[in-house]
Amino acid sequence: STKVKVNTNLADYLPKDSASTIALDEMGREFTGDIPNAEMMVSDISMLEAARLQDKIETLVGVKDVSGIRNANLLGVPYEFLGEDAVRSYYKDGNALYTLTLDPESGFSLLEDLKNVTDKRVSLAGSFVTSKHAQKNSGPEVIKTVAIVIVFAIVLFMFTMDSWLTPFLLVGTLLCAVIINSGTNLIFGTISSVTNTAASVLQMGVSVDYFIFILHRYREYTDMGRSSDDAMILALTNSGSSVVSSSLTTVIGFAALAFMRYGIGIDMGIVLSKGVL
């Protein structure tokens with residue numbers, strides 16, 4: 001499960017013939033340089049310090065290109081003689097702004113390196129920053145969400161079932177299915193952040209019915225005096241068709257998402273269908 005890569009760039013799932021995709025492809029053909037994907041602002045810094053800091057930023061692993069105050073001083077004029085009007089695009093009111101092109105394959109550690117490159121206050125923004133924060137937080141957020149669902153489910157079932165142990169068996173079974181589905185996503189290599197966040201909770205929500213079908217039948221047969229083994233065999237036999245038909249209906253419903261032109265539908269539809277199966 002931890003080996004499955006999560007793609008936070010939702011633009012990758014746009015249809016090939018969408019205006020955005022065509023525009024990005026056209027820009028890639030016309031210009032060889034990468035598109036800047038981050039901005040960095042350093043507060044309370046002089047022009048000379050800002051120029052020296054630009055040199056330091058360029059040496060960081062994962063930084064492909066930096067535009068800053070040095071780009072506005074092409075003539076090499078001493079910075080103490082430059083007015084703020086001359087470098088307004090990169091320096092204003094003691095704040096230096098850098099436009100960065102960062103390697104998309106770099107990890108969250110690059111953001112830490114950028115913050116630690118100076119002892120001044122650093123602010124970061126841009127698609128790279130958003131993407132790396134989403135990747136870092138998606139795992140804990142999923143675990144937190146599933147934990148909340150588990151607590152609510154156990155409390156609810158304790159009020160509606162005649163055994164205190166049954167809710168734990170139910171949730172434990174569903175949790176195993178969620179973990180198996182999450183791990184087998186490795187066959188796809190990468191899943192979207194939307195799927196990664198929503199799939200676990202949706203899978204538990206739509207699968208709980210099957211457990212209740214079988215449990216209800218089981219209670220009917222034990223009330224008739226059947227032994228536990230016989231009651232479970234009869235429950236599985238007689239509720240099997242209901243479980244299969246209900247689950248196939250759900251699978252087909254999720255599989256229908258694969259017909260969306262937006263690739264998120266295919267991604268989520270396949271993962272959820274696999275989870276229910």
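- At a threshold of 4.5 Å between non-hydrogen side-chain atoms, the residues Ile233 and Tyr221 do not count as touching.
- The closest side-chain heavy-atom distance from Phe108 to His133 is below 4.5 Å.
- Contacts of Arg226 classified as side chain to side chain donor-acceptor pair (under 3.5 Å), with partners at least two apart in sequence or in another chain: none.
- The hydrophobic cluster containing Val201 does not contain Ile143, counting ILVMFWY residues as joined when their side-chain heavy atoms lie under 4.5 angstrom apart, directly or transitively.
- Between Ala198 and Met268, the closest heavy-atom pair is CB-CE, 4.1 Å.
- Listed here is the closest heavy atom pair of Tyr262 and Tyr13: CD1-O, 3.2 Å.
- Shown here is Glu105, whose CD atom has no more than 12 heavy atoms of other residues, nucleotides or ligands within 6.0 Å.
- Comment: Asp25 does not engage Lys16 in a salt bridge, judged by the lack of any side-chain N to carboxylate O separation of less than 4.0 angstrom.
- Residues Leu169 and Met204 share a hydrophobic cluster, clusters being chains of Ile/Leu/Val/Met/Phe/Trp/Tyr side chains in contact below 4.5 Å.
- Counting only distance, with no hydrogens or angles, the side chain of Gln54 and the backbone of Ser67 share no donor-acceptor pair below 3.5 Å.
- At least one side-chain heavy atom of Leu215 sits under 4.5 Å from a side-chain heavy atom of Thr166.
- Between Phe168 and Trp164, the ring planes lie perpendicular to each other; the angle is over 60°, past the 30° to 60° tilted range.
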From CA spacing to verdict: side-chain hydrogen bond (donor to acceptor under 3.5 Å, both in side chains), Asn7, Thr190
CA-CA 6 Å; Asn7 186 358; Thr190 303; over 6 Å; no

Please test Glu49 against Ser46 for side-chain hydrogen bond (donor to acceptor under 3.5 Å, both in side chains), starting from the C-alpha separation and ending with a verdict.
CA-CA 5 Å; Glu49 289 176 319; Ser46 68; 3.2 Å; yes

Please determine whether side chain to side chain contact (heavy atoms under 4.5 Å, CB included) holds for the pair Asp55 and Thr59, giving the CA-CA distance in whole Å, both sets of side-chain angles, and the decisive distance to 0.1 Å.
CA-CA 7 Å; Asp55 294 330; Thr59 63; 6.0 Å; no

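- Contact annotation: the side chain of Leu110 approaches that of Phe128 to within less than 4.5 Å [non-hydrogen atoms, C-beta and beyond].
- Across Ile35 and Thr101, no two heavy atoms sit closer than the pair O-CG2, 4.0 Å.
- The hydrophobic cluster containing Leu14 does not contain Val6, counting ILVMFWY residues as joined when their side-chain heavy atoms lie under 4.5 angstrom apart, directly or transitively.
- Of the possible donor and acceptor atoms, none in the side chain of Tyr91 sits under 3.5 Å from a partner among the backbone N and O of Ala50.
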Could you walk me through whether Leu100 and Leu114 satisfy the side chain to side chain contact (heavy atoms under 4.5 Å, CB included) test, starting with their C-alpha distance in whole Å, then the side-chain angles of each, then the deciding distance to 0.1 Å, before giving a yes or no?
CA-CA 11 Å; Leu100 311 175; Leu114 288 170; 3.9 Å; yes

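- In this structure a side-chain-to-backbone donor-acceptor pair under 3.5 Å is present from Ser18 to Pro15.
- One side chain, Ser1 or Ser182, offers a donor N or O that lies under 3.5 Å from an acceptor on the other.
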The test is side chain to side chain contact (heavy atoms under 4.5 Å, CB included); show your working for Leu234 and Arg217 and say whether it passes.
CA-CA 8 Å; Leu234 289 168; Arg217 286 282 188 169; over 6 Å; no

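- Counting heavy atoms from C-beta outward, Lys274 and Val251 have side chains that stay 4.5 Å or more apart.
- Distance check, rounded to the nearest 0.5 Å: CG of Leu277 to CG of Leu272 gives 11.0 Å.
- When atom types are taken as modelled, the side chain of Lys92 and the backbone of Leu97 share no donor-acceptor pair closer than 3.5 angstrom.
- Contact annotation: the side chain of Ile270 approaches that of Phe188 to within less than 4.5 Å [non-hydrogen atoms, C-beta and beyond].
- Atom CG of Leu165 and atom CG of Leu170 lie 11.0 Å apart (nearest 0.5 Å).
- Side-chain contact check for Val117 versus Lys115: every heavy-atom pair is 4.5 Å or farther apart.
- Ion pairing of Arg29 with Glu26 is present here, as a side-chain N (NZ or NE/NH1/NH2) and a carboxylate O approach within less than 4.0 Å.
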Do any side-chain atoms of residues 150-161 form donor-acceptor pairs under 3.5 angstrom with protein atoms, and if so which ones, sequence neighbours left out?
| residue | atom | partner | partner atom | Å |
| --- | --- | --- | --- | --- |
| Thr160 | OG1 | Leu156 | O | 3.3 |
| Thr160 | OG1 | Phe157 | O | 3.4 |

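- Both Tyr98 and Tyr90 are members of a single hydrophobic cluster when ILVMFWY side chains are connected at heavy-atom separations under 4.5 Å.
- Cluster membership for Met41 and Val63, using ILVMFWY side-chain heavy atoms within less than 4.5 angstrom, is not shared.
- No donor-acceptor distance shorter than 3.5 angstrom exists from the side chain of Glu39 to the backbone of Thr99, with no hydrogens or angles considered.
- Among residues two or more places apart in sequence or in another chain, the side chain to side chain donor-acceptor pair (under 3.5 Å) test is passed with Asp230 by Ser227.
- Between Tyr210 and Val276, some side-chain heavy-atom pair lies under the 4.5 Å cut-off.
- Atoms CG and CD1, from Asp209 and Ile214 in turn, are 11.5 Å apart once rounded to the nearest 0.5 Å.
- Of the possible polar contacts, one joining the Asn116 side chain to the Glu112 backbone as a donor-acceptor pair under 3.5 Å is found.
- The shortest non-hydrogen separation linking Ser207 to Leu174 is CB-CD2, 3.9 Å.
- The CZ atom of Arg52 sits 14.5 Å away from atom CD1 of Ile57, with the distance rounded to the nearest 0.5 Å.
- Here the side chain of Ser247 pairs a donor or acceptor atom with the backbone of Val243 at under 3.5 angstrom.
- One N or O on the side chain of Asn37 and one on the backbone of Leu102 form a donor-acceptor pair closer than 3.5 Å.
- Under a 3.5 Å cut-off, the side chain of Asn181 and the backbone N or O of Ala177 do not form any donor-acceptor pair.
- With 3.5 Å as the limit, one finds no donor-acceptor pair spanning the side chains of Ser43 and Lys120.
- Separation of atoms CD1 (Ile45) and CZ (Arg121) is listed at 12.5 Å; rounding is to 0.5 Å.
- Taking all atoms of both residues into account, the shortest heavy-atom contact from Ala231 to Thr222 is CB-CG2, 3.6 Å.
- Annotation: the span from Thr249 atom OG1 to Phe254 atom CZ amounts to 12.0 Å, rounded to 0.5 Å.
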Criterion side-chain hydrogen bond (donor to acceptor under 3.5 Å, both in side chains) on Ser239 and Ser242, from CA distance to verdict
CA-CA 5 Å; Ser239 63; Ser242 299; over 6 Å; no

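- Ser192 pairs with exactly one of Thr197, Ile266, Ile264 by the side-chain contact (heavy atoms from CB on, under 4.5 Å) rule, that one being Ile264.
- Although no hydrogens or angles enter the test, the distance criterion places a donor-acceptor pair under 3.5 Å between the side chain of Lys132 and the main chain of Pro104.
- Applying the 6.0 Å contact sphere to CG of Asp17 captures more than 12 heavy atoms from other residues, nucleotides or ligands.
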